[in-house]
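This report refers to the structure that appears directly beneath it.
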Amino acid sequence: MNIIDSSFYKRDTVLVAQDLLGKTLVRYYNGIYVTGIIHETEAYRCSDDPASHAYRGKTQRNSAMFGPVGHSYVYFIYGVHFCLNVVARSQELQAGAVLIRSLLPMQGIPLMQKARKRMTNLANGPGKLTQALCITREQNGIDMTQEGQLFIVDTGIIVNKKDYRSTPRIGLSMAQDVLWRFYVPNNAY
DNA sequence: CTGGCGATGAACT
DNA sequence: GTTCATCGCCAGC
């Protein structure tokens, strides 16, 4: 198993968001591996990014974004859902994270179906993916560069520049001019 | 297929 | 009080 180490995340957040496409997110839960290929991400930086939780500095909620790279940042949104990020930034940034928005389910699909209470659309959205993988605030701040309950591996899938699209990020009223959402089109779930 | 809307908590003005 | 890095249901094409 080829776990991605912290040097991968110690680069520009936008670059890391692009390079995470094609990597595999692994959730080890109740003795079962639930995995999926990452195929949609968004980059969030800090004081240079009005749409980022870290824009106004460190708070209790976003403190993980200021912590070690390669760790998880899980937050609760709209009173209903959790969203999973990986902390990533270059030296000069104080904070930054990549939102994982969508997965192509691979292993443990029956468990995802049970967690989601449906058979399809298991992980094609940030709130859906955390539900499918049973990720809550308890998984906030986990070191995802170590084998454990949550980590990311490289299975050798190459996603070239021509294989993905760049668009404005979803659900924002601010900063719609930067194309920091990346996704691989043509999903088949 | 599309659009409207309620659910419901945390952070901020 | 308002906004928010969302989702699923329902109505109406």
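Chain naming here is simple, since letters A, B, ... match the order of the sequence lines and numbering starts at 1 in each.
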Ranking A:Gln131 and A:Tyr75 by the position along DNA chain C of their nearest nucleotide, the one closer to 5' is A:Tyr75
A:Met174 atom CE is separated from B:dT13 atom C1', nearest whole Å, by 14 Å
Of the candidates B:dA10, C:dC4, C:dG8, the side chain of A:Arg116 sits closest to C:dG8
Q.
Work out how far the P atom of C:dC13 is from that of B:dC5, and round it to whole angstrom.
A. 16 Å
Is A:His53 near enough to C:dA5 that one of its side-chain N or O atoms lies under 4.0 angstrom from OP1 or OP2?
yes
Among the nucleotides C:dA5, C:dC7, B:dA10, whichever has the atom closest to the side chain of A:Arg137 is B:dA10
(message) Is a donor from one side chain sitting under 3.5 angstrom from an acceptor on the other, for A:Lys58 and A:Asn62?
(response) no
Quiz item: Are the aromatic rings of A:Tyr183 and A:His39 close, with centres under 6.0 Å apart?
Solution: no
- Query: Salt bridge or not for A:Asp12 and A:Arg45, using N-O below 4.0 Å?
  - Reply: yes
From the candidates B:dG9, C:dT6, B:dT13, the one with an atom nearest any side-chain atom of A:Arg101 is C:dT6
Against the side chain of A:Ile170, the closest entry in B:dC12, C:dT6, C:dA5 is C:dT6
In numerical order, the residues of residues 78-85 of chain A whose heavy atoms come under 4.0 Å of DNA chain C are A:Tyr78, A:His81, A:Asn85
Per atom distances to the A:Phe76 side chain, the nearest of B:dA11, C:dC4, B:dG9 is B:dG9
Q.
Is it true that A:Tyr29 and A:Gln149 share a donor-acceptor pair across their side chains at a distance under 3.5 Å?
A. no
Testing C:dG8, B:dG9, C:dA5 for proximity to the side chain of A:Met65, the answer is C:dA5
Do A:Arg11's NZ or CZ and the ring of A:Tyr9 fall within the cation-pi criteria of under 6.0 Å and 45°?
-> no
Does A:Arg61 reach a base, just sugar-phosphate, or nothing at all? Heavy atoms under 4.0 Å. sugar-phosphate
In DNA chain C, consecutive runs of at least three Watson-Crick or G-U pairs below 3.5 Å, as range with range, amount to B:1-7 with C:6-12, B:9-12 with C:1-4
Ring pair (Phe, Tyr, Trp, His ring centres under 6.0 Å) filter on A:Tyr28, not counting sequence neighbours, yields A:Tyr33
Checking A:Arg169, A:Arg56, A:Arg89 against A:Asp49 for salt bridge (charged side-chain N to carboxylate O under 4.0 Å, His left out), the one that qualifies is A:Arg169
